[in-house]
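First the structure, in the form of structure tokens, and then the observations on it.
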Amino acid sequence: MENRSIKNRFAVSTLGNLIKGALTFMATLFIARGLGPEHYGSYIFLLSGFTAMRAILDMGTGAAFHTFISQKPRSSTFYIIYAIWQFFQFIFPLVIIAFFFPQEWLEIIWVGHERSLILLAFATIFFQQMAWPTMIHIGESKRLTQRVQALNISISAVNLILVVGAYALEILTIPLLFWILVIQYILALGFAFKVLSVFKVKKEPLNIKSMLREYLSYCLPLIIGSWLGFASEFADRWLLQKFGGAEEQAFFMVGLRFATIVLLATTSMLNIFWKEIAEAQENKNLVRLRELYRKVSRFLYTVSAVIAGFLVPWSPTIATLMLGSSYAAASSVLPLMLIFSVHASLGQVNGTFLLSSGKTKTIVIMESIFLVISIPVSYLIQAPYDALIPGFNLGSVGMAWKAILLNITWVNCVSWWVAKNNGWKFDWAYQVVGLTGALAIGWISYELVMKMSSILTLNIFLQGTVTFAIYGILIGVFIWFLPWLTGFSQREVQMMFSKIIHLIFSKKAKL
């Protein structure tokens with residue numbers, strides 16, 4: 001049953017993503033430990049290459065499909081045509097890589113990995129990151145958030161059980177991990193057809209020419225961006241693998257994996273935000289458009305900053321405690337990627353806003369400028385000192401710094417354009433105040449507990465618990481006096497705190 005309340009759907013989505021994130025995170029820890037830095041780096045390199053390739057296979061059609069089904073109900077034929085297109089996206093590259101790519105090309109592009117493993121990696125990415133998201137978009141377009149989250153949690157739970165089983169039996173290998181994911185998602189797709197009532201749509205005639213015009217108008221600007229996006233993302237991964245090696249690849253990916261914790265609230269909101277923005281744009285409801293953008297961008301940025309502020313001081317402990325001493329070097333990358341993810345949350349909100357409102361030309365022009373800059377910068381960061389064109393040989397740490405600086409610049413350029421194009425005031429102060437405030441409070445809380453530990457005997461669990469309590473109180477005071485950081489009024493923040501306090505004390509009373 002569809003739920004039109006954004007707050008309720010966000011709550012369900014956040015809870016679902018929290019559970020899914022915890023399950024996925026645990027599976028990642030077992031995979032990283034079981035494979036070790038070198039094999040884990042190879043595993044990530046194979047997946048990352050095809051993750052980048054999604055852009056040139058999809059050419060913006062996924063975003064178009066999501067936007068069109070969010071704007072208004074579409075016919076069953078509309079869905080069938082898109083399913084045929086996705087099947088072609090799977091078969092075409094599979095055949096090309098299997099039968100037409102010379103071995104020499106494979107050696108250069110995939111740095112010595114076997115053809116069979118490359119094909120398996122592609123199948124994994126297709127089902128996990130192309131076919132499955134289509135199901136999620138269909139569910140969210142019908143506001144079936146609860147069913148969508150139930151499906152996501154089920155997949156993550158089964159995956160964790162299988163990974164832990166393989167780890168315990170000491171049979172964890174890269175090919176096995178790929179097979180687990182491929183089989184899982186094929187079965188999940190079949191089940192989701194029924195659960196999400198995919199073809200329970202209006203039976204109405206479809207004007208094929210009109211549909212193609214819609215797709216062409218939306219996707220044509222995105223094609224250039226798709227190729228540049230692929231080139232930039234693949235170049236980052238290839239250069240890191242070539243010059244830094246599999247271990248540096250692993251350290252960088254560990255930072256990205258932990259950064260997903262910071263992006264939890266953002267990933268919970270994006271599909272909901274996409275649906276509401278697309279509908280408001282279609283109905284020309286400009287007041288709702290502005291209110292949605294302002295509240296969502298500020299709130300998600302502040303939530304991300306709060307999570308990062310707590311985790312950054314604990315980065316060295318997190319890396320060694322959760323992944324083992326072989327990943328100790330990742331402790332220098334992890335805090336940088338946590339900070340990067342704060343602005344990445346705002347970048348995702350901006351990207352969703354532009355795509356869901358059909359501003360594809362704008363996003364391509366802006367992305368293209370930064371993507372063209374990104375590739376030579378990545379080379380200079382990764383290349384060794386004695387290369388033909390000397391670089392700085394900074395490995396994963398250099399990549400993290402590049403991600404932070406380019407992302408902050410990109411996000412604020414897009415935010416400025418969105419404000420200017422819609423006649424709004426450009427917001428930026430909440431970024432500076434929110435992030436610096438959260439990081440400062442995080443370090444103060446951490447240092448206070450470390451000083452307490454020098455007097456009292458506190459194990460690592462107690463240290464973390466006490467730090468979290470102090471941090472929570474200080475952040476609560478911070479937001480109480482600066483409610484504009486969240487996009488809400490003082491009264492709305494007071495009501496939110498009242499509900500939280502009531503919930504805590506009512507539970508204690510029952511206990």
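This chain uses plain numbering: 1 for the first residue, then up along the sequence. None of the values given here were measured: they were computed from a predicted structure.
Between the side chains of S232 and S374, at least one donor N or O sits under 3.5 Å from an acceptor N or O. Between the side chains of S415 and N350, a donor-acceptor pair is found at a separation under 3.5 Å. In this model, a donor atom of one side chain and an acceptor atom of the other lie less than 3.5 Å apart for Q86 and T134.
Using a 30° and 60° split on the angle between ring planes, F90 and F127 fall in the tilted class, from 30° to 60°. Relative ring orientation between H66 and H137 is described as parallel, the plane-to-plane angle staying below 30° on a 0-90° scale split at 30° and 60°.
One finds the CG atom of L300 at 6.0 Å from the CE atom of M269 (value rounded to the nearest 0.5 Å). How far OG of S345 is from CG of L264: 11.5 Å, rounded to the nearest 0.5 Å.
Residue F426 qualifies as enclosed at atom CZ: its count of foreign heavy atoms under 6.0 Å is above 12. Summarising the local packing, CD of Q146 is surrounded by 12 or fewer heavy atoms from other residues, nucleotides or ligands at distances under 6.0 Å. For CH2 of W443, the number of neighbouring non-hydrogen atoms (other residues, nucleotides, ligands) closer than 6.0 Å is greater than 12. No more than 12 heavy atoms of other residues, nucleotides or ligands sit less than 6.0 Å from atom CD1 of I224. Counting non-hydrogen atoms of other residues, nucleotides and ligands closer than 6.0 Å to CH2 of W428 gives a total of 12 or fewer.
Taking every heavy atom of both residues into account, G139 and V148 meet most closely at CA-CG2, 3.8 Å. Summarising the geometry of Q431 relative to H343, their closest heavy-atom pair is OE1-NE2, 3.0 Å, with the distance given to 0.1 Å. Nearest heavy atom pair, residue F370 against residue C413, reads CZ-SG, 4.0 Å. Scanning all heavy atoms of the two residues, the minimum distance from A121 to L46 falls at CB-CB, 4.0 Å. Between I441 and Y471, the shortest heavy-atom distance links the atoms CG2-CD1, 3.5 Å. Across all non-hydrogen atoms, the minimal contact from L151 to A192 is CD1-CB, 4.0 Å.
Aromatic ring centres of F25 and F258 lie closer together than 6.0 Å.
Here the options are Y215, W274, W85, Y79, the test is ring pair (Phe, Tyr, Trp, His ring centres under 6.0 Å), and the partner is F65; only Y79 passes.
Residues that satisfy the side chain to side chain contact (heavy atoms under 4.5 Å, CB included) test with I56, not counting sequence neighbours, are M53, W227, F230.
A heavy-atom distance below 4.5 Å is found between the side chains of T467 and W314. Between W132 and I155 the shortest side-chain heavy-atom distance falls below 4.5 Å. When side chains are defined from C-beta on, S154 does not count as touching F191, because their heavy atoms never get closer than 4.5 Å.
Applying the salt bridge (charged side-chain N to carboxylate O under 4.0 Å, His left out) test to pairs two or more places apart or on separate chains, those with a residue in residues 221-237 are D236-K402.
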Legend entry - side-chain hydrogen bond (donor to acceptor under 3.5 Å, both in side chains) between N159 and S156, worked out: CA-CA 5 Å; N159 185 63; S156 299; over 6 Å; no
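For the pair E276 and R288, the salt-bridge criterion is met [side-chain N within less than 4.0 Å of a carboxylate O]. D427 and R298 are joined by a salt bridge, as a carboxylate oxygen and a charged side-chain nitrogen come within less than 4.0 angstrom of each other.
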Check: residues 359-369 side-chain donor-acceptor pairs under 3.5 Å, at least two apart:
from	atom 1	to	atom 2	distance (Å)
T360	OG1	Y218	O	3.1
S368	OG	V364	O	2.6

